[in-house]
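Labels below follow one simple rule: chain letters A, B, ... track the order of the sequence lines, proteins then strands, and each chain is numbered from 1.
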There are 2 protein chains.
Amino acid sequence: MSQPQLTNQPLAITSSDRLLQEMQRAIVEGDIAAGSKMSEQELARRFNVSRAPVREALARLERCHLVERIPNAGVRVVTLSPEGLLSLYQLREELEGLACRLAAEQMADSEIAELQQLLEQHLSTQRVKEGESYYQEAGDVDFHYRIIQGSKNPYLINMLCNELYYLVRMYRVQMGMIGPRVSRAFDEHRAILQAIANRDGELADLLMRRHIAASKTNIERQLLQERK
Amino acid sequence: MSQPQLTNQPLAITSSDRLLQEMQRAIVEGDIAAGSKMSEQELARRFNVSRAPVREALARLERCHLVERIPNAGVRVVTLSPEGLLSLYQLREELEGLACRLAAEQMADSEIAELQQLLEQHLSTQRVKEGESYYQEAGDVDFHYRIIQGSKNPYLINMLCNELYYLVRMYRVQMGMIGPRVSRAFDEHRAILQAIANRDGELADLLMRRHIAASKTNIERQLLQERK
DNA sequence: GGCTCATTAATTGTCGACACTTTTTGTGAT
DNA sequence: ATCACAAAAAGTGTCGACAATTAATGAGCC
């Protein structure tokens with residue numbers, strides 16, 4: 001039940017890989033504040049490496065939209081905003097909808113069966129550990145991840161699993177939004193998978209869009225609640 | 001009527017910017033063969049710079065899917081394939097369709113008017129220089145570019161204008177596909193823009209998907225013709 | 001006191017050199 | 001001749017230092 005592997009490189013091989021993972025985690029979880037500026041030298045000192053791997057890692061962070069870089073002026077962590085969240089989820093709806101449609105065509109029967117099994121397993125685990133949100137998050141990630149992989153479209157996979165995933169997670173974490181919606185999400189997952197099993201791409205597409213839209217409004221509500 | 005500016009940095013400021021542009025052009029136009037391996041040292045010698053900016057440029061080339069990098073083993077130019085083309089255009093259909101839907105909501109009346117004017121201008125230029133494909137290409141790029149910008153969704157803009165654009169262009173160029181389809185494409189452009197002007201996002205979405213699908217089958221036909 | 005401009009400090013971009021990994025070459029055995 | 005294994009060559013990853021650019025500091029003027 002471990003966190004699924006979202007990158008091709010199994011474990012940190014090189015220095016910059018380690019850095020990347022550390023900084024991804026730090027930014028996503030807010031250890032490095034949103035909007036703050038990151039000095040290359042400071043990071044180099046902090047992690048006991050040269051500036052070269054730091055630059056490499058920063059370039060990759062920019063790639064997954066966690067930092068913004070201005071030439072000759074350095075990088076700063078992105079700032080979260082309702083508009084940003086909306087833009088991000090607009091894309092997710094479209095892309096994951098497409099992923100479902102393709103998965104309904106491309107996934108092997110064995111892959112679908114595996115995923116069904118995994119889903120039931122998550123559900124039982126969830127029932128035991130009621131309210132323990134981490135497992136929900138892990139299960140949710142796992143489900144979406146497998147469907148995206150099932151689309152067999154390498155560009156789509158790269159966008160969702162490498163370029164957009166961490167920012168989505170950052171929004172969720174920093175808005176304290178890994179919350180309830182558990183049983184409902186499970187039901188929605190099951191319906192989506194059933195549509196895929198029936199090779200009904202259109203329906204799977206529609207259901208996934210609704211699923212993500214629901215998640216979006218859920219976060220938006222949370223966001224408004226904090227500001228009132 | 002110059003090539004529209006697809007990147008935020010107006011002109012090459014830093015060394016790696018220059019390198020990036022040179023290599024993008026070289027790869028897209030086939031000066032550096034698809035599938036060939038690129039040595040950092042060799043590139044450094046060839047462009048009279050150190051390896052540092054070369055690495056920077058290569059990282060950005062990877063970002064727009066023009067090269068693939070294997071840790072500790074170097075980078076090689078991507079290879080073109082019918083499957084790759086299909087995957088790419090599947091995404092484009094979806095993303096540019098979304099761009100149209102958003103543009104229908106977000107574009108200012110003035111922006112739409114400008115684009116209409118530009119389109120007519122392209123058409124007249126095209127009629128004069130019948131068959132001169134470059135102008136067609138430039139006009140096409142320009143049209144799509146403006147609509148994408150009109151979506152006002154920064155992630156969508158980045159994906160289409162920075163990450164996918166050059167690969168799309170590589171497929172078109174290396175398959176000798178900047179060809180006819182001129183007047184028809186213009187008509188399709190006009191219909192799409194009209195739908196946007198009418199604030200009919202649904203229709204603009206549909207028309208754009210068809211427009212791209214037509215372009216795709218056009219390239220596929222070309223590809224099959226070459227192999228017969 | 002606030003603004004402009006020159007000077008200083010800090011940060012990024014680039015360079016050449018070294019350490020480690022991968023690939024190639026070459027040697028010997030089956 | 002083919003294959004396995006070892007040595008060498010090439011290439012990537014990392015390091016520290018210098019050059020160029022940007023941001024910060026302070027003096028002078030209004």
Side-chain angles (χ1 to χ4, degrees), chain A residues 7-27 32-79 162, chain B residues 7-27 32-79 162:
Chain A
T7 165
N8 294 339
Q9 294 130 37
L11 274 170
I13 303 300
T14 174
S15 241
S16 30
D17 286 336
R18 261 205 353 264
L19 273 181
L20 175 66
Q21 293 181 5
E22 289 250 19
M23 290 165 91
Q24 271 180 340
R25 191 207 54 76
I27 293 175
I32 300 177
S36 62
K37 189 177 165 190
M38 302 174 79
S39 158
E40 292 182 2
Q41 301 189 59
E42 191 186 326
L43 290 170
R45 281 194 296 270
R46 190 158 144 193
F47 289 100
N48 274 336
V49 289
S50 164
R51 272 178 54 216
V54 171
R55 282 176 69 85
E56 180 91 21
L58 287 177
R60 293 201 233 167
L61 283 178
E62 189 186 14
R63 204 160 139 178
C64 51
H65 306 276
L66 291 184
V67 305
E68 283 166 356
R69 173 175 222 161
I70 299 170
N72 280 319
V75 307
R76 54 188 334 117
V77 181
V78 295
T79 59
N162 293 336
Chain B
T7 164
N8 295 339
Q9 293 131 37
L11 274 171
I13 303 298
T14 174
S15 239
S16 30
D17 286 336
R18 261 206 352 264
L19 274 180
L20 175 65
Q21 293 182 5
E22 290 250 18
M23 291 165 93
Q24 271 180 340
R25 191 206 56 75
I27 293 175
I32 300 177
S36 63
K37 189 177 164 190
M38 302 174 78
S39 158
E40 292 181 2
Q41 301 189 54
E42 191 187 324
L43 291 170
R45 279 193 298 270
R46 189 158 143 194
F47 290 100
N48 273 335
V49 289
S50 166
R51 273 179 54 216
V54 170
R55 282 176 70 84
E56 180 90 20
L58 287 176
R60 293 201 233 168
L61 283 178
E62 190 187 12
R63 204 158 137 178
C64 51
H65 305 276
L66 291 184
V67 303
E68 283 167 355
R69 174 176 222 159
I70 299 170
N72 280 319
V75 307
R76 56 188 330 117
V77 181
V78 294
T79 59
N162 294 336

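Contact annotation: B/Ser16 reaches the phosphate of C/dT14 (side-chain N/O to OP1 or OP2, under 4.0 Å). The side chain of B/Thr14 places an N or O atom within less than 4.0 Å of a non-bridging phosphate oxygen (OP1 or OP2) of C/dT14. The side chain of A/Arg55 contributes an N or O atom lying less than 4.0 Å from OP1 or OP2 of C/dG13. In this structure, A/Ser15 does not reach the D/dG13 phosphate: none of its side-chain N or O atoms is under 4.0 Å from OP1 or OP2.
When rounded to the nearest whole Å, the span between CD of A/Glu42 and P of C/dT12 equals 10 Å.
Closest to the side chain of B/Asn72, from the set C/dG16, D/dC15, D/dG13, is D/dG13. The nucleotide whose nearest atom lies closest to any side-chain atom of B/Arg69 is, among D/dT14, D/dG13, D/dG11, D/dG13.
Salt-bridge formation is detected for the pair B/Arg51/B/Glu40: a Lys NZ or Arg NE/NH1/NH2 atom is positioned less than 4.0 Å from an Asp or Glu carboxylate oxygen. Note on A/Arg69 versus B/Glu56: salt bridge recorded, some NZ/NE/NH1/NH2 to OD/OE distance being below 4.0 Å.
When each of A/Thr14, A/Leu58, A/Leu19 is paired with A/Pro53, the side-chain contact (heavy atoms from CB on, under 4.5 Å) condition holds for A/Leu19 and for no other.
In this structure the side chain of A/Val67 reaches within 4.5 angstrom of the side chain of A/Met38, judged on heavy atoms.
Base engagement by A/Gln41 is indicated by at least one non-hydrogen atom pair under 4.0 Å involving a base atom.
Looking at B/Arg51, its side chain has no donor and acceptor atom pair within 3.5 Å of the base of D/dG11.
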